[in-house]
Amino acid sequence: MKTWVAVAPANIALIKYMGKSDFANNEASSPSLSLTLNHLTSKVVLSLSSQHKDCWSPLNSENWTSPKISIKGQERFLIHFQSLKKYFGLTEFYEISSGNNFPGDCGVASSASSFAALTQATYNLAMEKGVK
């Protein structure tokens, strides 16, 4: 089965911004500083789905575990994927498996690295298919 894979590093905020000065343009009201943790990563694997919808599943394999993701969190992930599919003109349905090589809820930005890996995997898929 053909898969498209991407890995993205996590980061941790050393100084976190507080609030927004401009919600329309998503501008922070104060600067932030974060550190990229190249050895702590999130991985996304895309594969064609046999279901007639996009779906998420945990990536549980050697060195990779999936944090507990709420239904709302899964929906946010799928909504982001659907916006990427629309942008790239992808019409097929996919299973998205994701996981981290570090524990969830440890203060490291796993959702940011998961969304980055999802975006990169979708880009890889689109480039292979020759769209946009």
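Numbering starts at 1 and runs along the sequence shown.
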Would you say that [X] contacts [Y] through its side chain, given a criterion of any heavy-atom pair below 4.5 Å between the two side chains?
X: K85; Y: T91; answer: no
X: N101; Y: K43; answer: no
X: L78; Y: Y94; answer: no
X: E95; Y: L46; answer: no
X: C55; Y: S49; answer: yes

*Salt-bridge test for E128 and K2: reply yes if a basic N is under 4.0 Å from a carboxylate O, no otherwise.*
yes
*Going by an N to O cut-off under 4.0 Å, is there a salt bridge joining K129 and E92?*
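Judged by the 4.0 Å cut-off on N to carboxylate O distance, K129 and E92 do form a salt bridge.
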_Measuring from atom OG of S111 to atom CZ of F77, what distance do you get when rounded to the nearest 0.5 angstrom?_
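It comes to 9.5 Å.
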*asked:* Could you tell me if S114 and S98 have a donor-acceptor pair between their side chains, going purely by distance under 3.5 Å?
replied: no
*State, without any angle test, whether T36 and N11 hold a side-chain donor-acceptor pair at a distance under 3.5 Å.*
no
_Among residues at least two apart in sequence or on other chains, which ones pass side-chain contact (heavy atoms from CB on, under 4.5 Å) with E75?_
I71
*Out of curiosity, does I96 fall in the hydrophobic cluster containing I79 (side-chain heavy atoms, cut-off under 4.5 Å, transitive links)?*
no
*Determine the minimum heavy-atom distance between S34 and A13, stating which atoms define it.*
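Smallest interatomic distance, heavy atoms only, reads CB-CA, 4.0 Å.
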*Hey, does the side chain of N25 reach the backbone of E27 with a donor-acceptor pair shorter than 3.5 angstrom?*
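No; zero donor-acceptor contacts below 3.5 Å.
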Let me have the donor-acceptor pairs involving side chains of residues 117-127, under 3.5 Å, with sequence neighbours excluded, atom names and distances please.
from, atom 1, to, atom 2, distance (Å)
T119, OG1, H80, NE2, 2.9
T119, OG1, F115, O, 2.9
Q120, NE2, N124, OD1, 2.8
T122, OG1, L118, O, 2.8
N124, ND2, V5, O, 3.4
N124, ND2, Q120, O, 3.4

*Start with the C-alpha gap between L40 and N100, add the side-chain angles, then the distance that decides, and say whether side chain to side chain contact (heavy atoms under 4.5 Å, CB included) holds.*
CA-CA 8 Å; L40 301 178; N100 306 319; over 6 Å; no
